[in-house]
2 protein chains.
Amino acid sequence: MLWIGLFLMARTEDPSGRQRILAVAAELFYVRGVRAVGMAEVIQAAGCGKNMLYRHFPGKSALVAAYLGRAREEREAATSAALTGEPREQLVALVTEVAYRVRGSAYRGCAFRKYLAEFPSPGDDDEATAVARAYLRDTRAQVSELVAAAGGPPQLGDRLWLLIDSLYSGTGPDPSVAVEWARELVAAGRPD
Amino acid sequence: MLWIGLFLMARTEDPSGRQRILAVAAELFYVRGVRAVGMAEVIQAAGCGKNMLYRHFPGKSALVAAYLGRAREEREAATSAALTGEPREQLVALVTEVAYRVRGSAYRGCAFRKYLAEFPSPGDDDEATAVARAYLRDTRAQVSELVAAAGGPPQLGDRLWLLIDSLYSGTGPDPSVAVEWARELVAAGRPD
DNA sequence: AAAATTACGGACCGATCGGTCCGATCGTGG
DNA sequence: CCACGATCGGACCGATCGGTCCGTAATTTT
């Protein structure tokens, strides 16, 4: 009975353990900034004891790295869900999905870009910085590969990445401007 | 003799006073982040005593606000220097100037966007936040006005602002992509 | 019911923060 | 040569940080 319970918790929600702490910490880090949120505040918001948190995460840097890793998983899930249809449609869908997310009321900027802005000179062993940089690099590579699959010129990838980058920045114009522009761009690149 | 000296210092450089402290602090805040730089480090880098700094700036928040105000002045000077010729040329020159700055080896991202990312939930009386927001708002308005003066549609302003925004983000493609795109955009909007 | 495992949360530690105050020092004017 | 003013920089303060340890209470296993 105990083992079945542990098994189910591990497979499903783990509502009072690691996942719960991570969800609470992620929200705080994202909204208020990583440096501005102390461990004590995470503990209080999670409603757990100090032992609980420090057993799952050896320190704040590990918690922050897990926060960005979680953000990456969420982004990848949303992105892959939007990528159906032929490559050209996928390119537009990619921009549209980002625009949709940016319009959401909970959007406070790109978590990875914000982290890199907050820690521009990290130690060489900063795992969170590695996660953030890898995400940006991989996402951009994904666009390039998609453009190559669609038979478009590399320049198309550059310009689409520029549009996505502007969307994420949070200070750009209305997201629909980027979406409409991406549509024109992909349509113009069509050889037929 | 004493008065002449004071007069010259006030008119020219003030090498051991406010301007020097501000220059040192600005470099530190910009490269390493505002929160990551303590007042003690600013004082040591400026080579002055604590009294010196706290006489010119009542506290860190005032120093940060002055840092962003200084950054704004520098940006406005560089921008206005680039704005010669007819409105359409000015639009391209605006993007080109930003691209030039972004390519510089000392570029570490837009100071205003970085500050807003570092302090997403400031107090209502945070002067630095007000400076940063005002800069972004005014710069965007400047683009819109320039487009209007050039007789272009508002959409042109949106798209040019998008390009500029992407340039500043620091994670976009090569700056030349935005410059070339801006050239095409302005040329295509030409009625003749 | 007794025992053992778990978790909450306060006490505590050293380090660092922004900021104040004051003694020591140096250059200048009388 | 002395006295004055300005400046450097260390001592110090309260607050907060990340992190450790442990007393106590609750829950579960036997």
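All of these numbers come straight from a predicted model, not from anything done at the bench. Residue numbers start from 1 in every chain, and the chains themselves are labelled A, B, ... in the order their sequence lines are given, proteins ahead of strands.
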Rounded to the nearest 0.5 Å, the OG1 atom of A:Thr139 sits from the CD1 atom of A:Ile164 at a distance of 8.5 Å
Exercise for the section: Could you tell me whether the phosphate oxygens of C:dA7, OP1 or OP2, come under 4.0 Å of any side-chain nitrogen or oxygen in A:Arg55? Expected result: yes
Look at the rings of B:Phe29 and B:Tyr67 and say which category their plane angle falls in: under 30° parallel, 30 to 60° tilted, over 60° perpendicular. tilted
Same cluster (ILVMFWY, side-chain, under 4.5 Å), A:Tyr107 and A:Val98
yes
note: A:Arg18, atom CZ; C:dA7, atom P; distance rounded to Å ~ 15 Å
From CZ of B:Phe57 across to P of C:dG18 the rounded distance in Å is 15 Å
Taking C:dG19, C:dC8, D:dC8 as options, the one with an atom nearest any side-chain atom of B:Cys48 is D:dC8
CG of A:Leu167 to CZ of A:Arg101, rounded to nearest 0.5 Å, is 11.5 Å
#### Entry: More than 12 heavy atoms from other groups under 6.0 Å of CD on B:Glu180
yes
Quick note, salt bridge (charged side-chain N to carboxylate O under 4.0 Å, His left out) partners involving residues 52-75 of chain A, not counting sequence neighbours, are A:Arg70-A:Glu74, A:Arg72-A:Glu76, A:Arg72-A:Asp138, A:Arg75-A:Glu97
B:Tyr54 atom OH is separated from D:dT7 atom P, nearest whole Å, by 17 Å
What residues 29-39 of chain A contributes to the DNA chain D interface at heavy-atom separation below 4.0 Å is A:Val37, A:Gly38, A:Met39
Mind listing the N/O atom pairs, protein and nucleotides 21-25 of chain C, below 3.5 Å?
from   : atom 1 : to      : atom 2 : distance (Å)
C:dC22 : N4     : B:Asn51 : OD1    : 3.2
C:dC22 : N4     : B:Asn51 : ND2    : 2.9

Here the distance between atom C1' of D:dG10 and atom CD of B:Gln44, to the nearest Å, is 13 Å
Is the backbone N or O of B:Thr171 less than 3.5 Å from a side-chain atom of A:Trp161, with the two atoms forming a donor-acceptor pair by type? yes
Q | A:Asp165 with A:Arg140: basic N within carboxylate O range, under 4.0 Å | A | no
Whole-Å distance, B:Leu53 CG to C:dG19 P, equals 10 Å
The answer to which of A:Lys60 and B:Ile43 contacts DNA chain D further toward the 5' end, by nearest nucleotide, is B:Ile43
Can you confirm whether more than 12 heavy atoms, excluding those of B:Glu184, are under 6.0 Å from its CD atom? yes
Rounded to whole Å, the CG-C1' distance (A:Leu63 to D:dG19) equals 13 Å
Between CD1 of A:Ile21 and C1' of C:dA7 the distance, given in whole Å, is 11 Å
